Engineer: 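Below are the structure tokens for one structure; questions will follow.
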Amino acid sequence: MSESAVVLMAYGSPERLEDVPAYYADIRGGRPIRPELLDDLVERYRELGIDRESPLNAITEETRAALERELGFPVHTGMRHWRPRIAEAVERALGGGATTVVGLVLAPHYSSLSIARYREQLEDALDGRAELRFVESWGEEPGFVALLSHRVTMLTRGHEDRHFVFTAHSLPARIRDEGDPYEEQLLRTAELVAGAAGLDDWSFSFQSESPTGEPWLGPDILDHLAALHERGVRDVLVCPVGFVADHLEIRWDLDVEAARRAAELGMTLERIEMPNADPELVRTLAGIVRRALAVPSGA
Ligand code: FEC
């Protein structure tokens, strides 16, 4: 009889400040790290308060447990850059007797530099020992769009004159020349959410670019805020669509850095509450998993 399990994958986050160098080394994959960038990253995690609480890991565990209850079969967490690693999740799934594994990433949009890397780790670890049903993207899922548009509506009510900015993590701009679907998928989610929430005045920008020395997709939100200011926009509402949880890129890059830039420009900036482990997101993820399992083997 076929037994199913889910390997639920997330970026991963250090648990303690002393984990940050090893975590950053994992993200860099062996490429050198400038000491001042490491110091800066440690400082951001200190400000985030990770020695008290690591938001991303706690939210991922809450989502995992809720998804397991909803599905009624095992869901194992695998982190791309921290523990438990994707390979550990695979061993747990196989140890529990799984013959079919659904690979699902807690990031809705496909890119060769993000989702494909999760897939590689998962496939390497599985090594053909179970059938893999991998979910490549889910940014157009009606439940996800409805959840975001509901959050957007909660912010716009009574403030219909405000400008909405949808955001997602930037990536090196070379993916454009490689025909990567990342940007197109992100814009599609933004269009669907804006349509469902009845927004007329909205735009899209990237965030969280890394100083890797090559051009990244833009406009970056910090520049975008200045451009919006030039256009006369004074009040900005932000809806991240490329992430589902509270973490460093939300709580630092948006809540601190972007909010600071907006204040310098004399603008206000608010953002939606992230979906985190919202039951609506969990039901949406469960639907995705059930459909992945319903596809006949080899289809
Ligand atoms: O809260 C946390 O502790 C973790 C927050 C976190 C999330 C996240 C998501 C994405 N990233 C993506 C791409 C890149 C690329 C590089 C890169 C670098 C970092 C660094 C930190 C970091 N990322 Fe991240 N990312 C998070 C955290 N990310 C920390 C290293 C320091 C820095 O640059 O600020 C560049 C790697 C390199 O140096 O070559 C590329 C993408 C996502 C969204 C999809 C996903 O969640 O997987 C894409 C959350």
Side-chain angles (χ1 to χ4, degrees), residues 8-17 19-61 63 77-83 86 103-122 135-139 167-176 178 180-183 185-186 189 206-217 220 222 240-257 274-276:
L8 185 68
M9 290 168 280
Y11 203 82
S13 182
E15 294 285 342
R16 298 272 166 268
L17 282 179
D19 296 336
V20 176
Y23 173 71
Y24 197 4
D26 195 274
I27 291 175
R28 293 288 295 160
R31 285 163 300 139
I33 295 175
R34 300 213 307 270
E36 66 276 19
L37 292 184
L38 175 59
D39 293 347
D40 177 66
L41 186 60
V42 171
E43 245 352 273
R44 279 184 274 152
Y45 276 113
R46 192 192 307 281
E47 295 275 341
L48 192 68
I50 61 155
D51 271 347
R52 294 187 302 279
E53 183 217 5
S54 178
L56 182 56
N57 294 346
I59 294 161
T60 306
E61 171 51 23
T63 310
T77 299
M79 307 286 196
R80 181 170 160 205
H81 293 299
W82 202 241
R83 297 187 286 264
I86 290 171
L104 177 62
V105 184
L106 285 171
H109 307 95
Y110 183 87
S111 166
S112 58
L113 294 182
S114 66
I115 304 300
R117 302 278 168 89
Y118 288 90
R119 184 177 190 142
E120 267 165 37
Q121 285 195 26
L122 182 58
V135 179
E136 301 240 316
S137 65
W138 49 273
T167 68
H169 202 295
S170 186
L171 280 174
R174 66 185 137 88
I175 64 164
R176 262 187 196 148
E178 294 160 3
D180 195 287
Y182 187 60
E183 272 185 291
Q185 290 191 2
L186 289 168
T189 301
F206 287 97
Q207 59 164 95
S208 312
E209 176 177 319
S210 284
T212 55
E214 60 180 330
W216 283 56
L217 297 174
D220 184 85
L222 301 180
V241 294
F243 308 111
V244 292
D246 279 314
H247 45 58
L248 188 72
E249 318 298 71
I250 298 294
R251 292 200 187 170
W252 182 265
D253 297 358
L254 291 181
D255 294 356
V256 178
E257 258 185 356
M274 297 304 288
N276 291 326

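Keep in mind it's a predicted model, so treat the numbers as computed, not measured. Every number for a ligand or one of its atoms is a count from 1 in the order of the listing.
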Engineer: Heavy atom under 4.0 Å from ligand 1: found in Ala107's side chain, backbone, both, or neither?
Structural biologist: side chain
Engineer: Nearest protein heavy-atom contact for atom 37 (C) of ligand 1: which residue, which atom, what distance?
Structural biologist: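 For atom 37 (C) of ligand 1, the nearest protein heavy atom is Arg28 NH1, 3.3 Å.
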Engineer: According to salt bridge (Lys or Arg N to Asp or Glu O under 4.0 Å), does anything in residues 106-120 pair up with another residue at least two apart or in another chain? List the pairs.
Structural biologist: Arg119-Glu123, Arg119-Glu136
Engineer: Is there side-chain contact between Leu254 and Pro240, with heavy atoms separated by less than 4.5 Å?
Structural biologist: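 With C-beta onward as the side chain, the pair touches.
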Engineer: When you check the gap from the basic side-chain N to the acidic O, do Glu47 and Arg44 get nearer than 4.0 Å?
Structural biologist: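 No salt bridge links Glu47 with Arg44.
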Engineer: For atom 48 (C) of ligand 1, grab the closest protein heavy atom and report residue, atom and distance to one decimal in Å.
Structural biologist: Leu171 CD2, 3.6 Å
Engineer: Residue-level breakdown please: for Leu41 versus ligand 1, do any non-hydrogen atoms fall below 4.0 Å on the side chain, on the backbone, on both, or on neither?
Structural biologist: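 Near ligand 1, Leu41 shows its side chain, while the N, CA, C and O stay back.
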Engineer: Considering the heavy atoms of Gly12, write down every atom of ligand 1 situated less than 4.0 Å from one of them.
Structural biologist: 4 (C)
Engineer: Is there a donor-acceptor pair under 3.5 Å between the side chain of Thr77 and the backbone N or O of Glu61?
Structural biologist: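 No, Thr77 side chain to Glu61 backbone: no donor-acceptor pair under 3.5 Å.
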Engineer: Examine the proximity of ligand 1 to Thr212 and report which part, side chain or backbone, both or neither, has a heavy atom under 4.0 Å away.
Structural biologist: side chain
Engineer: Quick check: do Val244 and Ile59 have side-chain heavy atoms less than 4.5 Å from each other?
Structural biologist: no
Engineer: Given that the side chain starts at C-beta and the backbone is N, CA, C, O, which of these parts of Arg44 lies under 4.0 Å from ligand 1, counting heavy atoms, or is it both or neither?
Structural biologist: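 Under 4.0 Å from ligand 1, Arg44 contributes side-chain atoms alone.
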Engineer: Could you tell me whether ligand 1 has any atom less than 4.0 Å away from a heavy atom of Glu209?
Structural biologist: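 Distance cut 4.0 Å: Glu209 fails for ligand 1.
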Engineer: Hey, is the main chain of Asp246 close enough, under 3.5 Å, to the side chain of Asn276 for a donor-acceptor pair?
Structural biologist: yes
Engineer: At what distance, to the nearest 0.5 angstrom, does CD of Glu209 lie from CD of Glu214?
Structural biologist: 9.5 Å
Engineer: Hey, does Leu38 have a side-chain heavy atom less than 4.5 Å from the side chain of Pro21?
Structural biologist: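 A side-chain contact exists here, since the closest heavy-atom pair is under 4.5 Å.
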Engineer: Is the closest side-chain heavy-atom distance between Tyr182 and Leu113 below 4.5 Å?
Structural biologist: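 When only atoms from C-beta onward are counted, Leu113 and Tyr182 do not touch, as no gap falls below 4.5 Å.
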Engineer: Indicate yes or no: does an N/O atom of Ser13 lie under 3.5 Å from an N/O atom of ligand 1?
Structural biologist: yes
Engineer: For atom 4 (C) of ligand 1, what's the nearest protein heavy-atom neighbour? Residue, atom name and distance, please.
Structural biologist: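 Checked against all protein heavy atoms, atom 4 (C) of ligand 1 sits closest to Tyr23 OH, 3.2 Å.
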Engineer: Looking only at heavy atoms, is any part of Ile115 under 4.0 Å from ligand 1, and if so is it the side chain, the backbone, or both, or is it neither?
Structural biologist: neither
Engineer: Determine the minimum heavy-atom distance between Leu17 and Ile50, stating which atoms define it.
Structural biologist: N-CD1, 3.9 Å
Engineer: Around atom 24 (Fe) of ligand 1, what protein N, O or S atoms are found below 2.8 Å?
Structural biologist: Tyr11 OH
Engineer: What's the shortest distance from atom 30 (C) of ligand 1 to any protein heavy atom, and which residue and atom give it?
Structural biologist: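 Going atom by atom, the protein heavy atom closest to atom 30 (C) of ligand 1 ends up being Tyr24 CE1, 3.4 Å.
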Engineer: What protein heavy atom lies closest to atom 46 (O) of ligand 1? Include the residue and the distance to one decimal.
Structural biologist: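 So the nearest neighbour among protein heavy atoms is Tyr118 OH, 3.7 Å.
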Engineer: Can you tell me which portion of Trp216 lies within the under-4.0 Å heavy-atom range of ligand 1? Options are side chain, backbone, both, or neither.
Structural biologist: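 Side chain only.
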Engineer: Please determine, by modelled atom types, if Ser13 and His247 share a side-chain donor-acceptor pair under 3.5 angstrom.
Structural biologist: no
Engineer: Mind checking whether Tyr45 and Tyr23 have parallel, tilted or perpendicular rings, split at 30° and 60°?
Structural biologist: perpendicular
Engineer: Would you call Leu186 and His169 a side-chain contact if the rule is heavy atoms closer than 4.5 Å?
Structural biologist: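 When only atoms from C-beta onward are counted, His169 and Leu186 do not touch, as no gap falls below 4.5 Å.
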Engineer: As a check for students: among Phe243, Trp82, Tyr45, Phe206, identify the option with a heavy atom nearest to atom 43 (C) of ligand 1.
Structural biologist: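 Nearest option to atom 43 (C) of ligand 1, by heavy atoms: Phe243.
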